[in-house]
Structure formats: C-alpha cells, structure tokens
Amino acid sequence: MAQIGLLVPRSTLFPSINFEFVDGLKASLTNQGISGFEIKTAGVGVGGSDKEIYSACEKMLFDGVEIIAGYVNPSTAEMIQSLFVSAGALFIALDAGYNFASKDYKQSNIFTLSLDSTIACTYLPRLAAKNENRDFAYTCTFLDSGYRSTFGFYLGLETEKSNILLNHATLLQKADFTIEPLTSFLKANPAAAVMASFCGDMLVDLFSGMEAEEEYSKHDIYVSPFGADEVWLAKAPYPGRDVTAIVSWGTALNNTENETFIAQLKKKNRAANLFSLLAWEAGILVAKALEADNTTDRISILEGYTFNSPRGIVEMDKESHNSRAPLYAAAIVENEANGMCKLIPGSEIDKEEIEQSRLNLYKALANVAGGFTSWHNVYGCID
C-alpha cells in the first residue's frame, strides 16, 4: 500500500483549508487510477513553526512514508530539504507564490507547485499600462504587508515607469478597518487608479467600502490574485465597477481537466478552490512518481514532467524543480443574481512576458541587501 504524507494547515480565513487539501489529494489520486493508497496527515497550525513542520515530516519518514506534500513557505521547504535528502524521500511543496526562498537555494529532493501570485503582481502594472493607467493609489491589508505582493507591484510599476501616489495599509483589528484615506485621495486625484492586495474577509470589507462610495466607480481598480479568490468573491458586494486581476485558475476555465476536477470535488461535497487545486496537482505528481520504485528515479521522472492541470499545461522545470503554469487576465464582475461578485477568466497571458516578469523578480530579489522581513505563517493562514 502506497503511503502518502500530507501536511495540513489551519486558518480562520479559510476554515476548511485542511479538508480542501485532503479531499483534493484523494480525488486526484483516485482520478489518476491510484488505488490502495493511505494518506497520513499531520497538522502544522498556521505553518509558522519550522521546528514543528520538521518534526512532523521526520515522524512520517520514520513511519515509512516516502512522498510527502505540504502547504509551506519556500523558506520552510529550504530548511527541510536536508532531511529529505538524508531520508531518500520526496517532498512536494505547495505554494501560494507570495514568498520566496533564498537566492542560493537549489531544490534537490523537492518539487514546488506554485500559484505564482507575486509574479502575477509584478506583471499587473504592465497590464494596467496597456489600459493607460500609470498613476496609482496602492492599498493593502495588514496581513498582505508581510508578504511579497507589494514588492511585486512596486517592481512592475518601476519597470513600466509608472507611479505610486499614495500608500495605504489597513489596520490589524477589523473594528478599526477604514478606507477613508484612500477615498479622500481619489476624490482629489480623479486620474489615479487603485492597486490593492487584499484577501478573505478583508476583501469583503474593501468592496463593501467601495460599494458605499460612488467615487470608486470612477477609477480603474486592480487586485492581487487572492483578491480574485472565488470563495470570498461570492460573499463580496460588487464595488460599482469591474475589477481587473491576474489569476492562475478559475472555475470558468474551459478545459476537460478543469471539468473533471470540479466534478470530482463536488462528489466530496466540496467546491473546487485554489487549495484543492494545489492538492489535485500534487496528486498528479505523486501518481507519476509512483511509476518508479525509488526516489532517485522518481526525481528523474518529475524533472521536466509536463501534465494537464485544471489551470492548463503545467511543466516542472528540470533545473529549478519549480512549476511553470499559465496565468490569465481576469475580470471581477457583478453577479446579477445577487449583487455580489464573480470571476470571469479571460485570455492567457503571453508565456514569454510572464517568464520575463519572473526573471525580473528573481533578479530584484537577489539584489536586495540585508534580506527581508516577513510573516512566518504560510499565506492566508491565521488564527
């Protein structure tokens, strides 16, 4: 019997996230024709303790698990790599794409499936420039300020020779939430567009504030990828104007694999989302790896492996072990049935342009002197 390990986080923003990962992986393995498998899980809280994650992986490896997947920060994957090399095992890192490992890190027994969120943020100003938006008010949540979306936005703006005219971060406590400084600025600057990094219930707060102010219907609005998460868009009022985003996936993407993914999750009474997507892709990698009976051969099989995903064709880069996957321009529009929001994925962004944004981002990150500060919890997971 194949034993697959899975590290599962918890989050008050996404309270079913642990089950999304478990059910996504189970559904994927079943869909790949893998039978007789056992998934061993370990809770890792909000993913903020490398020591806790190391211990959880170590215990699974001692128990005979040879492949483990987990939603962890890249810095955590870097930390546990030596453990997997020593154990002769394989780790599949599942990543929102809002943080990065150190510039000298090279994955060996690890492969990363990423949503490439910061890369999307880096490209978004280019999309905005094509719409003749070059002056921005930037707003983000206290949560998002601890990740790399802001760095991506600013790098993209610098590349496009665009401008930030206002920086606005919302406060930590929900009772203190306000976008009044942003509103006042936009009233005084009618040509400015809005660029926002929000997620979860904080996105609902943002769009609720925008809905209440006619001013926002006069300005173009751009949001980070998790600002286009369909779980929370369904609960967010339409802000009075269509919003632009770049996303890695959406339920409306028209491909056979996406139809299968959504249908298989529905059998488990789950609506497909970004977390079950990562777990589904992990299942595809696990199934491929199980074609070999040792880790050395499994690594060789996965290097350069290309597969069909609900988000399109995904390639595991042979050198870096990082995924390369499509990104899509998308619109957040009004759901006329209830006045809330819905996501409409559009055309795929040119792969070469995305790759250039990736290279620009990696180069800029490598040139930062003194390192970064960061939240330790994995993106979206808070108590």
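Scope of the values below: all heavy atoms of this structure, side chains included, with no hydrogens, waters or symmetry mates.
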Listed by chain and number, what are the salt bridge (Lys or Arg N to Asp or Glu O under 4.0 Å) partners of Lys174, not counting sequence neighbours? Asp201, Asp205

Under a single-linkage definition using a 4.5 Å side-chain heavy-atom cutoff for Ile, Leu, Val, Met, Phe, Trp and Tyr, are Val231 and Tyr238 assigned to the same hydrophobic cluster? no

With a 3.5 Å distance limit and no angle check, can you tell me whether Asn258 reaches the backbone of Gly250 through a side-chain donor-acceptor pair? yes

Across all chains, not counting sequence neighbours, the salt bridge (Lys or Arg N to Asp or Glu O under 4.0 Å) partners of Lys288 are Glu291

Applying side chain to side chain contact (heavy atoms under 4.5 Å, CB included), name anything that partners His321, two or more places apart in sequence or on another chain. Gln107, Phe111, Ile299, Glu303

If I compare all heavy atoms of Leu327 with all of Leu115, which pair ends up nearest, and what's the gap? CD2-O, 4.0 Å

Examine distances only and state if a side-chain atom of Asn131 and a backbone atom of Asn133 form a donor-acceptor pair shorter than 3.5 Å. no

In short, Thr170 meets Thr178 closest at the heavy-atom pair CG2-O, 4.2 Å

With a sphere of 6.0 Å drawn around CD1 of Ile313, does it hold more than 12 non-hydrogen atoms of other residues, nucleotides or ligands? no

Picking from Glu355, Glu315, Glu352, what satisfies salt bridge (charged side-chain N to carboxylate O under 4.0 Å, His left out) with Arg324? Glu355

Closest non-hydrogen atom pair between Ile17 and Pro9, with its separation: CG2-O, 3.6 Å

Looking only at heavy atoms, what is the nearest atom pair of Tyr105 and Ile110, with distance? OH-CD1, 3.5 Å

Under the rule for side chain to side chain contact (heavy atoms under 4.5 Å, CB included), what residues qualify as partners of Ala331, not counting sequence neighbours? Val333

Is there side-chain contact between Ser28 and Ile284, with at least one heavy-atom pair below 4.5 Å? yes

Exactly one of Glu180, Glu213, Glu215 should register a salt bridge (charged side-chain N to carboxylate O under 4.0 Å, His left out) with Lys187. Which one does? Glu213

When clusters are formed from ILVMFWY side-chain contacts under 4.5 Å, directly or step by step, what else is grouped with Val46? none

Using the salt bridge (Lys or Arg N to Asp or Glu O under 4.0 Å) criterion, which residues pair with Asp63? Sequence neighbours excluded. Lys59

Can you check whether Ala279's main-chain N or O pairs, donor with acceptor, with Glu20's side chain at less than 3.5 Å? no

Fit a plane to each ring of Phe275 and Phe226, take the angle between them on a 0 to 90° scale, and name the class: parallel (under 30°), tilted (30 to 60°) or perpendicular (over 60°). tilted

Under 6.0 Å from the NZ atom of Lys268, do we count more than 12 heavy atoms belonging to anything else shown? yes

In terms of side-chain geometry, is the basic nitrogen of Arg241 or Asp220 positioned less than 4.0 Å from the acidic oxygen of its partner? yes

Residue from Leu166, Ile179, Val194 passing side chain to side chain contact (heavy atoms under 4.5 Å, CB included) with Phe185: Leu166

Once you measure the plane-to-plane angle for Tyr71 and Phe21, does it fall in the parallel (<30°), tilted (30-60°) or perpendicular (>60°) bin? tilted

Within the side chain of Thr12, is there an N or O that forms a donor-acceptor pair under 3.5 Å with the backbone of Ile382? yes

Is there a donor-acceptor pair under 3.5 Å between the side chain of Thr141 and the backbone N or O of Phe198? no

